[in-house]
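This chain uses plain numbering: 1 for the first residue, then up along the sequence.
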Amino acid sequence: MKKTLLMVLMTLILSGCFGMGNSETEESIDEGTITIGKTKHELILNEEGYEGIPLFEYAQQLPSIVTRPNETATIHIDNDPNIAVYLRDEYVPLKLNSFSTPYEMGLYVYNIEAKWPTKKANFLVVIEVQHEFKRVQRDKEPDDSNAWIPSPNGEKQVMIEGLGEFEAQGTIVLKELNSNTIDNIDFNHGLQWTAKEIAWYDNDSILTTIGPVHGTVTRGGNLYHLNLTTLELTPILELPVKEEVTYFSLEGNLLTYEVHIYEDDEMNKGYLETRTLDLSTIEKQLSD
């Protein structure tokens, strides 16, 4: 009898030990990375999900990866799972677990599904594609020759070609008078963004507003400094969602600009407000 009880007790102890062992060795989710260009980033494991919150809104709370358009992004997840990538619920084709970042500037949220034989996981990656400018030589003069704005030293001219009153795509055009060359200053705007206002900052750079082409908010945008030699873009005024620069002018050491401020969430009603900015503030931003 004692021997039987002892065997039962040992069986219970061993079963408990093995059960605890199984709990502690429960399969963990493997880690993953995404390499864009030459930089490797950790993938974000979506453990709790984002139920009840729109994916894009949820992703805006996460750190984003800033990159250039058309960069190669390569995913690596431990122990070689089957990987599927989705952007806005659309399947993204992969080649050797790689895809290209979008051409058009904006914030992109990728949903990465990984499946192993006995488990699966969901990762998120937020990619921000920034402006990228390039100069493209053209043979033809713009149709509206009166739209040229001369540089302070008179050696260059600039304009925005093709910008209409509503939902029109404008192109920055630069003319070098000494070499008699005309270039389009193109950037990765796709069909959603356009330059709207333009003015010379000095002989080699301009200030310009860039805003959306389509939708309700089309009156203006944020204000940027663009170096026409290096094509480096520097934000000068990045306003809240319900505000946009509609007009600006430079006089002496002062930038005067007009801001349209929306009063309602639907962005149908608003008012105009005039503000000023000392040029020394802009110089500091450009030197940082």
Side-chain angles (χ1 to χ4, degrees), residues 8-132 187-193 212 214-215 217 238 240-241 265:
V8 171
L9 182 60
M10 288 182 66
T11 301
L12 289 172
I13 292 173
L14 289 173
S15 299
C17 289
F18 283 124
M20 185 166 55
N22 286 336
S23 175
E24 289 179 347
T25 58
E26 190 177 278
E27 286 185 303
S28 60
I29 297 301
D30 298 84
E31 295 182 346
T33 61
I34 184 167
T35 302
I36 302 178
K38 297 181 180 179
T39 307
K40 184 180 293 186
H41 309 267
E42 296 292 328
L43 291 176
I44 300 169
L45 180 62
N46 186 26
E47 294 179 289
E48 299 180 357
Y50 46 88
E51 288 77 5
I53 305 175
L55 176 59
F56 191 80
E57 181 180 331
Y58 172 77
Q60 286 181 309
Q61 306 169 22
L62 305 175
S64 61
I65 301 170
V66 177
T67 185
R68 295 156 56 95
N70 297 325
E71 287 277 12
T72 298
T74 303
I75 299 167
H76 174 79
I77 300 175
D78 292 346
N79 295 320
D80 297 323
N82 291 322
I83 295 174
V85 179
Y86 298 88
L87 175 63
R88 303 188 192 95
D89 296 326
E90 293 185 7
Y91 178 73
V92 178
L94 298 178
K95 185 176 182 180
L96 299 177
N97 285 347
S98 297
F99 64 92
S100 295
T101 59
Y103 163 75
E104 186 173 337
M105 67 185 195
L107 196 68
Y108 299 87
V109 182
Y110 290 89
N111 189 6
I112 301 172
E113 295 181 355
K115 292 183 180 180
W116 295 265
T118 59
K119 59 183 178 180
K120 61 182 179 179
N122 181 269
F123 298 88
L124 293 176
V125 60
V126 183
I127 295 177
E128 180 182 355
V129 179
Q130 293 192 335
H131 301 80
E132 182 180 61
F187 70 102
N188 53 316
H189 49 62
L191 299 174
Q192 295 188 22
W193 303 90
H214 305 283
V217 188
E238 291 188 295
V241 173
D265 292 337

Taking the side chain as every heavy atom from C-beta outward, state whether [X] and [Y] have any pair of such atoms under 4.5 Å apart.
X	Y	result
Glu113	Asn122	yes
Pro102	Asn188	no
Leu124	Asn111	yes
Leu87	Phe99	no

Subject >> Candidate pair Trp116 and Ile77, rule side chain to side chain contact (heavy atoms under 4.5 Å, CB included), full reasoning >> reply: CA-CA 11 Å; Trp116 295 265; Ile77 300 175; 3.6 Å; yes
For the [atom1] atom of [X] and the [atom2] atom of [Y], what is their distance to the nearest 0.5 Å?
X	Y	atom1	atom2	value
Tyr108	Ile127	OH	CD1	10.0 Å
Thr33	His76	OG1	NE2	6.0 Å
Ile36	Thr67	CD1	OG1	5.0 Å
Glu128	Ile65	CD	CD1	11.0 Å
Tyr110	Leu43	OH	CG	13.0 Å

Original post:
What residues, two or more places apart in sequence or in another chain, satisfy side chain to side chain contact (heavy atoms under 4.5 Å, CB included) together with Asp80?
Top reply: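 Expected list: none.
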**OP:** Look at the rings of His131 and Phe187 and say which category their plane angle falls in: under 30° parallel, 30 to 60° tilted, over 60° perpendicular.
**Re:**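 His131 and Phe187: tilted rings.
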Original post:
Under the side chain to side chain contact (heavy atoms under 4.5 Å, CB included) criterion, do Gln130 and Val66 qualify, and how do the steps go?
Top reply: CA-CA 7 Å; Gln130 293 192 335; Val66 177; 3.2 Å; yes
Original post:
Who are the salt bridge (Lys or Arg N to Asp or Glu O under 4.0 Å) partners of Glu238, not counting sequence neighbours?
Top reply: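 Result, salt bridge (Lys or Arg N to Asp or Glu O under 4.0 Å) vs Glu238: none returned.
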Original post:
Looking at Ile34, Thr35, Thr74, which hits side-chain contact (heavy atoms from CB on, under 4.5 Å) with Ser98?
Top reply: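 Output: one option passes, namely Thr74.
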**OP:** Using the side-chain contact (heavy atoms from CB on, under 4.5 Å) rule, pick out the option among Val125, Leu94, Asn97 that qualifies with Val85.
**Re:**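 Going through the options one by one, the only one that passes is Leu94.
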**OP:** Give a yes or no on whether the backbone of Asn70 and the side-chain of Thr101 come within a donor-acceptor separation of less than 3.5 Å.
**Re:**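 Answer holds: yes.
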Subject >> Minimal non-hydrogen separation, Glu132 against Pro69, with atom names >> reply: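 Heavy atoms of Glu132 and Pro69 come nearest at OE1-CG, 3.3 Å.
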